[in-house]
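Note sheet for the following structure.
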Amino acid sequence: MKMSQLLIPTLRDDPGEAETVSHRLMLRAGMIRKVAAGIYTYLPLGLRVIRKIEQIIREEMNRAGAQELLMPIASPAELWKETARWDYYGKELLRFKDRHERDFCLGPTHEEVITDLFRREVRSYRQLPLNLYQIQTKFRDEIRPRFGLMRGREFIMKDAYSFDIDESGAKTSYQTMYDAYTRIFTRCGLTFRAVEADTGLIGGDVSHEFMVLAETGEATVAYSNEGSYAANLERAEVLPPSDVDTTPHQPMTPIATPQRRTVDEVTTFLKISPRQLVKTLLYRAGVDTVAVLIRGDHEVNEVKLARLLQVTDVVLADPETVQRITGAPPGFAGPVGLEQVRILADHAIKGMRNVVIGANKADTHYQNANLDRDFRVEQFVDLRNAQPGDPSPRGTGMLSLAKGIEVGQVFLLGTKYSQKMTATVLDDQGKERPAIMGCYGIGVGRTAAAAIEQNHDEKGISWPYPIAPFHAHLLTVSQSERTTDVASRLYTDLMAAGFEVLWDDRGERAGVKFNDADLIGAPFQLIVGDKGLADGVIEMKIRRSGTKSRIAPHELIAHLKTLSLEIGQSAG
RNA sequence: CGGGGCGUAGCGCAGCCCGGUAGCGCGCCUGCUUUGGGAGCAGGAUGUCGGAGGUUCAAAUCCUCUCGCCCCGACCA
């Protein structure tokens, strides 16, 4: 396409509203424009990338035996009330009333709608397995949309739903999707990792997230330096420690710790290591309050705690509750004599001796407190975040932490939705059985943003070949007839050969064109000008490496075909 | 939801403290010259200063309210 006719409003300066690389570059390259917080228009260039990613997803989903359909964005409250998510989903679910005052919402995900379709249309196990997917705009009224397409409120998502008659079939469907996802992100040219994940609001038993490794990621991944173990930090298991402190028990004594509340303040004041201190945190879980004991240098993993207590989320108790239950202001809670609440402890507490804990009295801690002798614990469980250096929970090796962008997630749902919505089929015995479901999502825009996070330099984007908005950026840097003739012929021939070409035919100066080309990031730049033509050549620059070569126009297409195959296969 | 910051021309910003009829750079339009890494000269257009109310002879500037956007945090005692 000719640049003189396309709306590609590139920006010379960084827009003030954008911080992260992908957000900034998408705005500057003229790919997106903001309409409201977390809501964007995709301009022609941005849409081309979106469509490329969608096409790869389509091909791989179809290859995996899934069928594409399209569900509505708006759905009636009744469906959501059947699964109780109308109440459960919270403010992220954008609700509205139609003219007849009926409740509706914009779909943040489509389990209800698809399950409703399934129960109406599918009767027999002979029709299974079934996998239905769509690529569609979703709406989630996020607390804090940010980073452009990375966390929008409105966003394009591929969501797929599988239905099987039994567990083993469901596992096969799950694995098929897992494999398809691996191919999709590989084809998109991303460096990613599939990690074990928590199941959160969607529910279910087994889940993996596909994480693109990048510093700007909002998620943390724990992975083993040996073997294949990798998990979202929310999920990453921590093994009970094997080492046990064997120092002799000392008598417990109170000690004044005026105004020292935090781990840092107390340990500095007492000149001890945080590893000798046990934090006591009070959490509200639904209507209950529980106490959690954790070593001073560890962090409570609230996802693990919520899962253990079988609630959707937990929050730290407010100061009034802490005062009421412990008799002391926050900062001095401890397990000694704490009667009103359950006391849970992280595994690490078990092997500790002579620890410092809060005394349930203002400005006071105890020294040399000991388990069983001085306080009791109802249950020892894995309640903390993994830390670098922790042993891998499976196989050998040590864990490291890295940041990741979650671009896809696969869930084995089980019968959570099919039971609530009575989506049953007859099995080979003529018996009604709820379908076993799986669901599988990919954030399309987020995948594009993640690709930029991984593929850019100070000049701009450097697209992986398979998702680049154009394969080649043709630049005419002279206004002569000869240059225009050669470029015009190249343009036609390249397109006939199947290349997507952006021809910068504007009357701009060379420098402007070079900079825009580097910003937009097509893998190949083809520079046609009088200088090269005098030697019978045009210049080709590979965006990624910056490598320039001179080549005769008639040899270009064959050369590009070879190169694009190499680059395309290795995805850049 | 809490904290911080910002709304002035298409974009990036100054002006606000100390009230006096709105400015810079880029971009845009016209002409000439230029033309291989963001050209030069000359001329030109563009603003409800986010909105409402108030104070004042006079408000972008001071006061009150409000809307929008960005960043951080959302309780780790």
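All values below were derived from every heavy atom in this structure, side-chain atoms included, with hydrogens, water molecules and symmetry-related copies excluded. Residue numbers begin at 1 in each chain, while the letters A, B, ... track the order of the sequences. These figures come from a predicted structure and were not determined experimentally.
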- Message: What's Arg144(A) touching, base or sugar-phosphate or nothing? Going by heavy atoms closer than 4.0 Å.
- Response: base
- Item | Complementary nucleotide for C1(B) - Watson-Crick or wobble, under 3.5 Å | G73(B)
- Message: With a 3.5 Å limit on both atom pairs, tell me what U30(B) is paired to, counting Watson-Crick and G-U wobble, or say none.
- Response: A42(B)
- Task: Report which part of the nucleic acid Phe147(A) touches: base, sugar-phosphate, or nothing (heavy-atom distance under 4.0 Å, all strands).
- Result: sugar-phosphate
- Item | Evaluation steps, side chain to side chain donor-acceptor pair (under 3.5 Å), between Glu299(A) and Asn385(A) | CA-CA 6 Å; Glu299(A) 284 178 355; Asn385(A) 282 336; 3.0 Å; yes
- Is G25(B) paired to anything, Watson-Crick or G-U wobble with both distances less than 3.5 Å, and if yes, which nucleotide? C11(B)
- With sugar-phosphate meaning primed atoms plus P, OP1 and OP2, does Leu282(A) contact a base, only sugar-phosphate, or nothing at under 4.0 Å between heavy atoms? base
- Query: Side chains of Asp518(A) and Gln525(A): donor-acceptor distance under 3.5 Å anywhere?
  - Reply: yes
- To the nearest 0.5 angstrom, please state how far the CD1 atom of Ile557(A) sits from the CG atom of Leu490(A). 7.0 Å
- Task: Indicate, with a heavy-atom threshold strictly under 4.0 Å, whether Ile143(A) touches base, sugar-phosphate, or nothing.
- Result: base
- Note on the structure: CD1 (Ile294(A)) and NE2 (His347(A)) are apart, to the nearest 0.5 Å, by 11.0 Å
- Message: Parallel, tilted or perpendicular: which one describes the rings of Phe332(A) and His365(A), with boundaries at 30° and 60°?
- Response: perpendicular
- Can Ser462(A) and Arg544(A) be counted as having a side-chain donor-acceptor contact under 3.5 angstrom? yes
- Message: Output one letter per nucleotide in nucleotides 32-40 of chain B: B when a protein non-hydrogen atom lies under 4.0 Å from the base, S when only the sugar-phosphate is that close, - when neither is.
- Response: --BSBBBB-
- Step-by-step salt bridge (Lys or Arg N to Asp or Glu O under 4.0 Å) determination, Arg48(A) to Glu500(A): CA-CA 11 Å; Arg48(A) 287 182 73 93; Glu500(A) 294 165 7; 3.5 Å; yes
- Could you let me know what C6(B) is paired to, Watson-Crick or G-U wobble, both distances under 3.5 Å, or none if it's on its own? G68(B)
- Message: Does Glu299(A) reach a base, just sugar-phosphate, or nothing at all? Heavy atoms under 4.0 Å.
- Response: base
- Item | C16(B): pairing nucleotide in any strand, Watson-Crick or G-U under 3.5 angstrom | none
- Task: Return the nucleotide paired to G53(B): Watson-Crick means purine N1 to pyrimidine N3 with N6-O4 or O6-N4, wobble means G-U with N1-O2 and O6-N3, both under 3.5 Å.
- Result: C63(B)
- Message: Once you apply a heavy-atom cut-off of 4.0 Å, does Ala18(A) come out as touching a base, just sugar-phosphate, or nothing?
- Response: nothing
